Protein chains: 2
Amino acid sequence: MFRQLGRLGHMSAPPLDPSEHRSGALLDHLARRMRLRSETVLAPLGLRPRHLVALTVLRAGGGTSQQALATILEMDSTNIVGLLNDLEAEQLVERRRSPEDRRRHVVELTQDGAKRLSEAECALAGAEDEVLGALDPNERETLYELLRRAAATTSPINCTEVICAGDEPL
Amino acid sequence: MFRQLGRLGHMSAPPLDPSEHRSGALLDHLARRMRLRSETVLAPLGLRPRHLVALTVLRAGGGTSQQALATILEMDSTNIVGLLNDLEAEQLVERRRSPEDRRRHVVELTQDGAKRLSEAECALAGAEDEVLGALDPNERETLYELLRRAAATTSPINCTEVICAGDEPL
DNA sequence: AAGGATCGTCTGTGCAGCACCAACTATTTA
DNA sequence: TAAATAGTTGGTGCTGCACAGACGATCCTT
């Protein structure tokens, strides 16, 4: 017995090279937890999680073309149309023709939109308390700031396949 | 004037009370960006994002019942079955009967599982570089640590509706 | 002026990730 | 012995997307 598993039974954290620390799965996990709660909290406000993401991006980014929005959200631009239709139907967002290029729409948050967004954020306090309960206010603010900065950059999807050395033996 | 909304027109960042900073939308946004990349990176390894989440939870948590896993992942327990079937089919995970309660399965990461997980994390380096490009290594480690700690706690879904004061007047 | 590219729109199709329900077995607890 | 619990199986259906095709409007070339 104990043949091939020299893993000592049950412990929590096998020594992990910090350079291999990946936030992806954690991000996924926490986002799910948050989204499940957001859905029910946001419903009475007539919003869904993706609407909140769009509003947040618009608040951070000012006037943006739908194309740009598709790039930022990394969604197909045909789906952006419907998303913006939802928001515009409730006057949370405004589509204006760009004066420089009349093909483009400049999408912008309205006052109503900003207000609704802030209401939503307020309503989400409880949800966040549950999901981020392990973090104190300072840590939450740090987290927020890191996420905000990361989300503020647009990255192309390249992602060349990398073969990692040092893993394959045994 | 400037009653409750001091925001004018179009600028990027209206003054936002730090206590209203919500990470939910950012979490959602970044998780999506990450997931889109993960899918293609993970595919050659025979994994999908949710598999990675499960493996990560198992590495962090040691032996867990499927019930507990459902609670942690906040997924319906019937879907946990299929998820674990996938993982067990590739021997990344082991279901053993619990000695104390023979109804239960104790799910545990195998050596193969730990190896595959670490390979996957390694392969995701490029994806993370793209998504978290705005953060330097120190900040990424901070982010990882915050996410890890937040994900380590299990929170019940209560989320009482809260009406925020100071928002409702026109 | 003419041709091609680009932006947004519309419609339609299809898939993946889930939740939810119902029924069943094996086991534990009351 | 009866009732509750853990896991499994199978089925249904919703939602959020991606993707493709076609179209008008508007650029940008040449």
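A, B, ... follow the sequence lines: proteins, then strands. Residue 1 opens every chain. None of these values were measured; they are calculated from a predicted model.
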| field | CG on A:L147 to NE2 on B:H21, rounded to 0.5 Å | value | 12.0 Å

| query | Under 3.5 Å, side chain of B:E128 to main-chain N/O of A:S23, donor-acceptor pair present? | reply | yes

| query | When the nearest nucleotide of DNA chain D is assigned to A:N79 and to A:R97 on a heavy-atom basis, which residue is associated with the more 5' position? | reply | A:N79

Run the side-chain donor-acceptor check on residues 48-57 of chain A: report pairs under 3.5 Å with partners two or more places apart or on a different chain.
| unit_1 | atom_1 | unit_2 | atom_2 | d |
| --- | --- | --- | --- | --- |
| A:H51 | ND1 | A:R48 | N | 2.9 |
| A:H51 | NE2 | A:D86 | OD2 | 3.0 |
| A:T56 | OG1 | A:L52 | O | 2.6 |

| query | Taking atom C1' of C:dA26 as reference, at what distance in whole Å does atom CZ of B:R95 sit? | reply | 15 Å

| message | Please determine whether a side-chain nitrogen of the Lys or Arg among A:R35 and A:D28 lies less than 4.0 Å from a carboxylate oxygen of the Asp or Glu. | response | no

| request: Give the rounded distance in Å between these two atoms: CZ of A:R103 and P of C:dG4. | output: 16 Å

Could I get a table of every N or O pair under 3.5 Å where one atom is in the protein and the other is in nucleotides 13-17 of chain C?
| unit_1 | atom_1 | unit_2 | atom_2 | d |
| --- | --- | --- | --- | --- |
| C:dG17 | OP1 | B:R48 | NH1 | 3.1 |
| C:dG17 | OP1 | B:R50 | NH2 | 3.4 |
| C:dG17 | OP2 | B:R50 | NH2 | 2.7 |

Only pairs under 3.5 Å count here: list side-chain donor-acceptor contacts from residues 68-76 of chain B, not counting sequence neighbours, and write none if there are none.
| unit_1 | atom_1 | unit_2 | atom_2 | d |
| --- | --- | --- | --- | --- |
| B:T71 | OG1 | B:Q67 | O | 3.2 |
| B:E74 | OE1 | A:R37 | NH1 | 3.0 |
| B:E74 | OE2 | A:R37 | NH1 | 3.3 |
| B:E74 | OE2 | A:R37 | NH2 | 3.1 |
| B:D76 | OD1 | B:T78 | N | 2.9 |
| B:D76 | OD1 | B:T78 | OG1 | 2.8 |

| request: Quick one: list whatever passes salt bridge (Lys or Arg N to Asp or Glu O under 4.0 Å) with B:D101, sequence neighbours left out. | output: B:R103

| Does anyone know the first and last nucleotide of DNA chain D in reach of chain A, 5' to 3', at under 4.0 angstrom to a heavy atom? | D:dT15 to D:dC27

| task | Quickly work out the A:R96 CZ to C:dC7 C1' distance and round it to whole Å. | result | 16 Å

| said: Can you measure B:L84 atom CG to C:dC18 atom P for me and round it to whole angstrom units? | reply: 13 Å

| said: Please enumerate all residues that pass side chain to side chain donor-acceptor pair (under 3.5 Å) together with A:R148, with sequence neighbours excluded. | reply: A:E145

| field | Under 4.0 angstrom between A:Q67 side-chain N/O and C:dG8 OP1 or OP2 | value | yes

| said: Quick check on DNA chain C: between A:T64 and B:T78, whose nearest nucleotide comes earlier from the 5' end? | reply: A:T64

| query | Hey, are A:E108 and A:R95 close enough for a salt bridge, meaning a charged N less than 4.0 Å from a carboxylate O? | reply | no

| query | So, B:E130 and B:R33, do they make that salt bridge, N to O below 4.0 Å? | reply | no

| task | Could you state the atom-to-atom distance from CD1 of A:I80 to P of C:dT9 in whole Å? | result | 11 Å

| message | Classify B:S65 by what it touches in the nucleic acid, base, sugar-phosphate, or nothing, heavy-atom distance under 4.0 Å. | response | sugar-phosphate

| request: Please tell me which of A:P99 and A:D76 maps to the more 5' nucleotide of DNA chain D, matching each residue to the nucleotide holding its nearest heavy atom. | output: A:D76

